[in-house]
Participant: 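The structure is given below, and queries will be raised subsequently.
We number each residue from 1, following the sequence as shown. Start at 1 and go down the list; that is how both ligands and their atoms are numbered. Because the structure is predicted, anything quoted here is derived from the model rather than measured.
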Amino acid sequence: MLNILVLGGTDEARRLAAGLAGRAGTHVVSSLAGRVRDPRLPVGEVREGGFGGPAGLEAWIREHRVDVVVDATHPFAARMTASAAEATGRAGVPLLILRRPGWQEGPGDDWRWTPSLEAAAGLLPGLGERVFLTTGRRSLPVFAGLDGLWFLARSVDPPEPPLPRHAEVLLSRGPFTVEGELALMRDHRIDVVVTKDSGGRMTTAKLFAARELGLPVVVVRRPATPAGVPAVETVEAALAWLESVPGRAG
Ligand code: NAP
């Protein structure tokens, strides 16, 4: 039997759980942070809520006799990734990071790469006045001091305060279409877009729309993955990697 813990909250994690469902000799538990009000659930067993830092995760791994952990969290879920690296190291179980590739700038794009949300906020006043902000509901406080700018802030759940003084909140969950994004940006007279380099197809439409409208896009770089931890970019590669992990007897 191979006990697999999948740290999830992404489309890749759900597809991995689906790919492992029914695989002989395999037991999978998917873990969610439990912060989204109405999460899309993976198939199979699910647990929710934080583990209580690396020590809590290590204890959970030992208690549930986990043989391997797959960190399939969002590329910007850096605390969970760091915690997984530390906990699996201490517990002596292998860890695989499943991380979708980042986005690539193409001809016609006007992207400004920044190392952090704070740096993105610093760039904005020189770039535009009406900002389409798609960096997640917990990022708004970083932009709260920019009183001279207007924001359209889109997130799945209501954003955490403080919000910028001039902001309209749009609660919506992808995937989005290029036509829809074009209409949204035109209707709100957006002149600059801010995004994290999340990668994947669910939210790329805004990038194509920005290209078509000739708008600059401020792109926040993703945090690095922990050194020495194997990483793959696709669910298929993760499934193949897991084939090589020995299960425990009995
Ligand atoms: P984070 O900052 O790295 O994590 C903060 C804390 O939340 C972690 O230390 C951990 O608590 C708990 N946590 C995070 N992911 C967890 C999981 N899969 N299972 C159990 N506990 C988890 O992460 P985040 O950016 O808040 O993301 C939270 C969740 O939303 C993740 O599952 C991620 O995949 C998903 N998500 C994030 C983004 C994003 O932009 N960051 C976008 C889409 C989806 P303990 O230390 O107590 O264990």
Side-chain angles (χ1 to χ4, degrees), residues 4-17 28-42 44-64 66 68-91 95-103 114 116-118 120 133-143 153-160 171-176 194-204 206 218-226 229 231 233 235 238:
I4 305 175
L5 173 62
V6 176
L7 303 172
T10 58
D11 182 48
E12 287 75 19
R14 286 186 292 274
R15 290 196 288 119
L16 181 63
V28 180
V29 177
S30 294
S31 175
L32 301 178
R35 292 219 213 90
V36 177
R37 273 187 308 182
D38 179 24
R40 289 189 176 118
L41 291 174
E45 199 174 322
V46 175
R47 68 160 299 284
E48 282 194 51
F51 295 94
L57 177 55
E58 180 191 356
W60 201 96
I61 287 169
R62 292 186 189 282
E63 187 187 334
H64 294 84
V66 171
V68 55
V69 177
V70 181
D71 171 20
T73 57
H74 190 271
F76 280 81
R79 263 174 58 202
M80 189 68 250
T81 296
S83 181
E86 193 177 331
T88 52
R90 285 200 218 156
L95 170 66
L96 177 70
I97 295 178
L98 167 55
R99 177 149 309 177
R100 57 176 99 124
W103 287 319
T114 58
S116 64
L117 286 169
E118 289 74 12
L133 193 59
T134 65
T135 44
R137 69 187 176 88
R138 285 186 299 148
S139 67
L140 269 74
V142 176
F143 300 88
R154 183 170 66 191
S155 54
V156 176
D157 283 326
E160 284 179 13
L171 298 184
S172 180
R173 169 144 66 186
F176 303 102
V194 187
T195 182
K196 297 191 281 196
D197 178 20
S198 297
R201 297 211 192 103
M202 305 263 277
T203 56
T204 43
K206 65 189 169 201
V218 179
V219 186
V220 181
R221 282 188 201 285
R222 13 169 98 186
T225 53
V229 178
E233 293 189 334
V235 172

Participant: Sequence neighbours left out, what passes salt bridge (Lys or Arg N to Asp or Glu O under 4.0 Å) with E160? Give chain and number order.
Facilitator: R137
Participant: Is there a side-chain contact between T203 and T134 (heavy atoms, below 4.5 Å)?
Facilitator: no
Participant: What is the closest protein heavy atom to atom 40 (O) of ligand 1, and at what distance does it sit?
Facilitator: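 Going by distance alone, atom 40 (O) of ligand 1 is nearest to K196 NZ, 2.6 Å.
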Participant: Among protein heavy atoms, which sits nearest to atom 11 (O) of ligand 1, and what does the distance come to when rounded to 0.1 Å?
Facilitator: G50 CA, 3.6 Å
Participant: With a 4.5 Å heavy-atom cut-off, do L57 and L5 have their side chains touching?
Facilitator: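 Yes; the side chains approach each other to less than 4.5 Å.
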Participant: Yes or no: does G49 have any heavy atom under 4.0 Å from an atom of ligand 1?
Facilitator: yes
Participant: Are side-chain heavy atoms of V29 and H64 found at a separation under 4.5 Å?
Facilitator: no
Participant: With sequence neighbours left out, write down each residue that passes salt bridge (Lys or Arg N to Asp or Glu O under 4.0 Å) with R79, or none if nothing qualifies.
Facilitator: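 For R79 there are no salt bridge (Lys or Arg N to Asp or Glu O under 4.0 Å) partners, ignoring immediate neighbours.
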Participant: Closest approach of G53 and S83, non-hydrogen atoms and distance?
Facilitator: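 Taking every non-hydrogen atom into account, C-OG, 3.5 Å.
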Participant: Would you mind reporting whether P158 and R37 have side-chain heavy atoms less than 4.5 Å apart?
Facilitator: yes
Participant: Picking from H74, E86, R99, what satisfies side chain to side chain donor-acceptor pair (under 3.5 Å) with T81?
Facilitator: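 Testing each of H74, E86, R99 against T81, the sole residue satisfying side chain to side chain donor-acceptor pair (under 3.5 Å) is R99.
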Participant: If you measure every N or O of T73 against every N or O of ligand 1, does any of those distances drop under 3.5 Å?
Facilitator: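 Between T73 and ligand 1 (N or O atoms, distance only) the closest approach is not under 3.5 Å.
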Participant: Looking at atom 34 (O) of ligand 1, tell me if a protein heavy atom falls under 4.0 Å from it.
Facilitator: yes
Participant: In the protein, what heavy atom is nearest to atom 29 (C) of ligand 1, and what distance, to one decimal place, separates them?
Facilitator: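 Answer, as residue, atom name and distance: A33 CB, 3.7 Å.
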Participant: A side-chain contact here means heavy atoms from C-beta on lying under 4.5 Å apart; do W60 and S31 qualify?
Facilitator: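 Answer no - side chains too far apart.
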Participant: For ligand 1, is there an atom lying under 4.0 Å from some heavy atom of G136?
Facilitator: no
Participant: Within a distance under 4.0 Å of any heavy atom of G52, pick out the atoms of ligand 1 and give their elements.
Facilitator: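 Ligand 1 atoms under the 4.0 Å threshold to G52: 45 (P), 47 (O), 48 (O).
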Participant: Does ligand 1 have any atom sitting under 4.0 Å from a heavy atom of L57?
Facilitator: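 No, L57 has no heavy atoms under 4.0 Å from ligand 1.
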Participant: Is R35 in polar range of ligand 1, meaning some N or O pair under 3.5 Å apart?
Facilitator: yes
Participant: Tell me whether D197 contacts the main-chain N or O of W103 through its side chain, where contact means a donor paired with an acceptor under 3.5 Å.
Facilitator: yes
Participant: Are the side chains of R138 and S155 in contact, using a 4.5 Å heavy-atom criterion?
Facilitator: no
Participant: So, do V28 and V6 sit near enough that their side-chain heavy atoms are less than 4.5 Å apart?
Facilitator: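 SC-SC contact between V28 and V6 confirmed.
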Participant: Find out whether F51 and M80 are in side-chain contact, i.e. whether some heavy atom of one side chain is under 4.5 Å from a heavy atom of the other.
Facilitator: yes
Participant: Nearest to atom 26 (O) of ligand 1, what protein heavy atom do you find, and at what distance?
Facilitator: R138 NH2, 2.4 Å
Participant: Could you check atom 44 (C) of ligand 1 against the protein and tell me its nearest heavy-atom contact, residue, atom and distance included?
Facilitator: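 It is G9 O, 3.4 Å.
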Participant: Out of curiosity, is G53 lining ligand 1, as in a heavy atom under 4.0 Å away?
Facilitator: yes
Participant: Would you mind checking which non-hydrogen protein atom is closest to atom 43 (C) of ligand 1, with the distance to 0.1 Å?
Facilitator: H74 CD2, 3.4 Å
Participant: Test of understanding: given a 4.0 Å heavy-atom threshold, classify the contact between V36 and ligand 1 as side chain, backbone, both, or neither.
Facilitator: neither
Participant: Closest non-hydrogen protein atom to atom 48 (O) of ligand 1, residue and atom name please, with distance?
Facilitator: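 That would be F51 N, 2.7 Å.
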Participant: Nearest non-hydrogen atom to atom 32 (O) of ligand 1 belongs to which of A77, G8, G34?
Facilitator: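 It is G8 whose heavy atom sits nearest to atom 32 (O) of ligand 1.
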Participant: Could you see which bit of A78 sits under 4.0 Å from ligand 1, with heavy atoms only: side chain, backbone, both or neither?
Facilitator: backbone
Participant: Under 4.0 Å from any heavy atom of R47, which atoms of ligand 1 are there?
Facilitator: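 Heavy-atom distances to R47 below 4.0 Å select 20 (C).
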Participant: Measure the distance from atom 8 (C) of ligand 1 to every protein heavy atom, then report the residue, atom name and distance (to 0.1 Å) of the closest one.
Facilitator: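 The protein heavy atom lying closest is M80 SD, 4.1 Å.
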Participant: For S31, counting its heavy atoms only, list the atoms of ligand 1 lying under 4.0 Å from any of them.
Facilitator: 17 (C), 18 (N), 19 (N), 20 (C)
